[in-house]
Undergrad: 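Can you read through this structure? Questions will come right after.
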There are 4 protein chains.
Amino acid sequence: MGKRKDNNKYYRIIQAATKIFARKGFYQAKVSDIAKEAGVADGTIYIYFENKDDILISLFEEQMQMVLDNMLSELAGISDPADKLTHFARTHLKLVEENKDVAEIIQVELRQSSKFMKEYKNEKFAKYLNIIADIIREGQDKGIFRKEVMPGVAKRAFFGALDEMSRFWVLSSRKEYDINTAAHQISSYFLQGIRA
Amino acid sequence: MGKRKDNNKYYRIIQAATKIFARKGFYQAKVSDIAKEAGVADGTIYIYFENKDDILISLFEEQMQMVLDNMLSELAGISDPADKLTHFARTHLKLVEENKDVAEIIQVELRQSSKFMKEYKNEKFAKYLNIIADIIREGQDKGIFRKEVMPGVAKRAFFGALDEMSRFWVLSSRKEYDINTAAHQISSYFLQGIRA
Amino acid sequence: MGKRKDNNKYYRIIQAATKIFARKGFYQAKVSDIAKEAGVADGTIYIYFENKDDILISLFEEQMQMVLDNMLSELAGISDPADKLTHFARTHLKLVEENKDVAEIIQVELRQSSKFMKEYKNEKFAKYLNIIADIIREGQDKGIFRKEVMPGVAKRAFFGALDEMSRFWVLSSRKEYDINTAAHQISSYFLQGIRA
Amino acid sequence: MGKRKDNNKYYRIIQAATKIFARKGFYQAKVSDIAKEAGVADGTIYIYFENKDDILISLFEEQMQMVLDNMLSELAGISDPADKLTHFARTHLKLVEENKDVAEIIQVELRQSSKFMKEYKNEKFAKYLNIIADIIREGQDKGIFRKEVMPGVAKRAFFGALDEMSRFWVLSSRKEYDINTAAHQISSYFLQGIRA
DNA sequence: TATGAATGAGAATTCATTCAT
DNA sequence: CATGAATGAATTCTCATTCAT
């Protein structure tokens with residue numbers, strides 16, 4: 001792929017960028033901030049990444065892969081589609097809580113203007129959403145969920161509900177509701193909402 | 001008064017900024033782009049706004065006020081809380097469709113890191129969310145919605161579901177689902193999900 | 001002369017400019033600051049003055065004329081050249097004390113770069129210095145002052161001594177020495193220095 | 001160290017700024033003029049200096065240190081206070097003649113409004129003046145100068161006399177008097193003026 | 001590979017001056 | 001004469017990126 005990941009500096013820079021982008025936002029973050037945080041020289045960044053945009057893109061790819069892998073392994077042992085959705089919610093929110101920086105970047109920067117949401121085909125994110133769609137289809141096949149539910153709409157509704165809840169956590173300091181409560185509430189509305 | 005709105009140039013600049021910010025994003029947009037679009041000199045911007053940030057903040061305030069007023073008047077004649085939620089969904093999505101630029105900015109720029117979501121207390125947006133919470137509480141009082149539903153969580157879940165759907169529209173060109181279908185689906189999951 | 005002084009606004013603007021230039025310096029002062037201080041509109045300034053430079057030039061001319069007239073009338077009744085010098089010193093320092101703003105501008109702005117000390121022929125200031133040279137020549141003719149004293153050098157030495165003392169007053173808040181002490185000291189060194 | 005002086009670019013920029021500020025004055029001088037004169041890129045200036053003000057401040061510090069060191073070494077071998085003052089005058093005026101640019105900046109810009117004479121504590125200049133005060137005190141101790149001479153006034157009178165003479169040189173092209181004549185005249189008035 | 005000093009294009013903002021009212 | 005909103009030229013400073021060491 002032409003990208004040097006062999007050296008651990010690649011990952012150190014990704015980690016540093018995650019922290020800096022989360023704290024300042026993409027446009028406010030300086031490449032030299034990331035270099036300093038990673039403990040490398042400014043120029044070293046350009047050995048591992050094409051440019052500043054590429055740091056963000058790579059960060060997404062790496063972190064989304066981690067999120068994706070984690071979610072798939074969490075759901076692996078569960079067979080009931082309803083349980084899967086409940087567990088998806090809990091896992092997603094727990095992940096947000098445990099990886100504030102990653103969550104904030106995905107929340108905030110990923111949604112940012114043209115440069116990223118428009119020009120960059122975020123396939124990992126699409127896959128993540130499709131985990132939900134697949135569970136719904138599976139549930140419909142098993143007769144658990146209503147046939148008229150449209151998976152393409154429902155996946156967004158379910159993800160959006162979780163996501164808005166996360167934003168609240170990411171952007172506010174106080175925590176009015178704990179994760180389990182929120183995860184339970186949201187999956188219960190949704191499950192009851194689509195149940196046959 | 002601190003801000004000169006008496007002159008229509010204030011609104012012309014807001015309109016121009018809405019268009020430019022939606023197209024390029026806040027950081028990519030040049031003040032001179034906005035000036036050109038508004039048909040005024042660069043310096044004129046600074047008669048009506050403190051600086052570039054202030055254009056965005058003012059834009060939010062003005063547009064959110066419009067959105068808020070519109071929603072309240074749409075819901076005015078409806079008494080049944082379930083109908084209100086359904087109509088909220090339809091109105092919200094229609095608004096997004098009819099005001100792509102405004103929607104995109106609220107979607108994308110409003111979520112942008114520290115500068116805006118953290119430092120800027122977005123009270124108009126909080127009010128908008130609270131329209132949903134109020135409807136839910138009203139429904140609980142009337143015994144239509146389950147008592148254990150937490151309005152603070154549910155308002156975010158419902159808004160998040162709509163919002164994720166909107167993002168899909170705003171950021172993609174093709175439209176797989178029409179508004180009414182999406183609005184109907186989402187409000188039906190949700191209503192069934194919280195119904196007593 | 002093409003300059004409208006008939007209206008008292010001309011003088012109000014000069015007064016305002018004196019205050020503003022003294023406080024902020026020529027380049028830091030905004031024409032609109034002066035307009036506000038004078039209680040006129042920005043555009044009005046340009047009815048009475050060519051441009052910002054012209055305000056400063058006019059201010060010098062007017063204020064130096066005042067200083068010149070004042071000094072000449074103060075010295076009018078004195079016949080002894082030594083007394084004249086002593087009185088020049090006292091009058092000069094008293095004037096500085098009583099017209100801090102004017103003094104500060106002459107001290108500071110008049111000396112400023114090319115624009116003013118180089119391109120602007122400051123004839124009033126030359127006349128002021130020549131009052132001293134004339135007194136010295138008069139004293140030499142009367143045999144009071146040494147013949148080898150060069151009036152062109154001595155006038156600058158005497159004025160410079162007074163001027164440096166003034167700067168100290170203008171720029172510092174505390175006053176270590178009072179006017180009469182300083183005037184007396186300086187004129188006594190100088191008189192004894194040039195006496196035959 | 002906070003400021004990188006290790007590289008000779010620091011001094012090249014100081015030299016360039018000295019030339020440009022002398023020619024155009026601080027406010028008229030563009031940072032890019034200085035960069036061009038120094039043969040570096042605009043941005044390079046900001047590696048060595050905080051901002052434009054800092055260039056001027058640093059220039060003062062460096063050049064005044066040079067002036068100070070030069071004066072102290074010139075006076076080192078002289079024991080008689082009267083001779084010291086005479087030599088001070090000659091050295092000062094020679095320095096002015098040989099460093100027109102430096103002299104002009106110290107003459108003109110240093111005196112400039114609030115930004116520099118008020119907010120910037122010019123300690124090097126104070127030290128320079130105190131060389132004179134110290135000589136006068138020494139002379140008083142040795143019984144050569146009159147006891148009633150106030151060193152705090154006299155140092156300003158002497159320096160002011162020299163300074164006004166320098167201004168004349170710096171700002172005019174023609175030279176009516178040569179250095180030695182002027183230095184001799186001024187120190188002779190002054191010495192005779194304060195002698196016991 | 002790694003460095004970090006140097007580069008220079010780019011953008012926000014200011015403010016003297018104008019001119020329609 | 002007087003106004004003050006509008007203009008737009010001008011300038012400082014930033015920072016992603018390069019490249020000689």
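Not measured: the values here are computed from a predicted model. A, B, ... follow the sequence lines: proteins, then strands. Residue 1 opens every chain. Heavy atoms only: backbone and side chains are in, while hydrogens, waters and symmetry mates are out.
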Undergrad: Out of E/dT13, F/dT7, E/dT17, which has the shortest distance to the side chain of B/V31?
TA: E/dT13
Undergrad: Under 30°, 30 to 60°, or over 60°: which ring-plane class applies to A/F49 and A/Y10, parallel, tilted or perpendicular?
TA: parallel
Undergrad: Which atoms form the tightest heavy-atom contact between C/R12 and C/A38, and what is the distance?
TA: NH2-O, 3.0 Å
Undergrad: Quick one: on DNA chain E, does C/S32 or B/K52 contact a more 5' nucleotide (nearest heavy atom)?
TA: B/K52
Undergrad: Roughly, in whole Å, what's the span from CZ in A/F26 to C1' in F/dC15?
TA: 12 Å
Undergrad: In Watson-Crick or G-U wobble terms, both distances under 3.5 Å, what is the partner of E/dA20?
TA: F/dT3
Undergrad: Taking 4.0 Å as the cut-off, does a side-chain nitrogen or oxygen of A/Y27 come that near to OP1 or OP2 on F/dC15?
TA: no
Undergrad: Is the side chain of C/N99 donor-acceptor paired with the backbone N or O of C/V102 at a distance under 3.5 Å, no angle test?
TA: no
Undergrad: Rounding to an integer number of Å, can you tell me how far C/I34 CD1 sits from E/dT17 P?
TA: 11 Å
Undergrad: Between C1' on E/dA5 and OH on D/Y10, what's the gap in Å once rounded to a whole number?
TA: 17 Å
Undergrad: Quick one: label B/A35 by what it contacts on the DNA or RNA (base, sugar-phosphate, nothing), any heavy atom closer than 4.0 Å.
TA: nothing
Undergrad: Compare every heavy atom of B/K52 with every heavy atom of B/F21, then report the nearest pair and how far apart it is.
TA: CE2-CE, 4.4 Å
Undergrad: Would you say D/Y46 reaches E/dT7's phosphate, i.e. side-chain N/O to OP1/OP2 under 4.0 Å?
TA: no
Undergrad: Could you state the CD1-C1' distance from C/I47 to F/dG4, rounded to the nearest angstrom?
TA: 12 Å
Undergrad: Check the phosphate of F/dA5 against B/K9, side-chain N and O only, distance under 4.0 Å to OP1 or OP2. Yes or no?
TA: no
Undergrad: Side chain of D/T44, heavy atoms from C-beta onward: which of F/dT14, E/dA6, F/dT7 has the nearest atom to it?
TA: E/dA6
Undergrad: Nearest whole angstrom, please: distance from the C1' of E/dA16 to the CG of C/D54.
TA: 14 Å
Undergrad: Could you pull out the closest heavy-atom pair between C/D101 and C/A22, with the gap in Å?
TA: OD1-CB, 3.6 Å
Undergrad: Calculate the interatomic distance between A/I45 atom CD1 and F/dC15 atom P; express it in whole Å.
TA: 15 Å
Undergrad: Please state whether the phosphate of E/dT14, meaning OP1 or OP2, lies under 4.0 angstrom from any side-chain nitrogen or oxygen of C/K30.
TA: no
Undergrad: Looking at the side chain of B/Y48, which of E/dT7, F/dA5, E/dA16 is the nearest nucleotide?
TA: F/dA5
Undergrad: Quick one: on DNA chain F, does C/V40 or A/D42 contact a more 5' nucleotide (nearest heavy atom)?
TA: C/V40
Undergrad: Measure CD/C/E50 against C1'/E/dT18 and give the value in whole Å, please.
TA: 14 Å
Undergrad: When you match B/G39 and C/G43 each to their closest nucleotide on DNA chain F, which lands nearer the 5' end?
TA: C/G43
Undergrad: Start at the 5' end of DNA chain E and walk down; is the nucleotide closest to C/A29 or to D/A41 reached first?
TA: D/A41
Undergrad: Please check if atom NZ in B/K19 has more than 12 non-hydrogen atoms from other residues, nucleotides or ligands closer than 6.0 Å.
TA: no
Undergrad: Using atom CG of D/D53 as one end and atom P of F/dT11 as the other, report the distance to the nearest whole Å.
TA: 16 Å
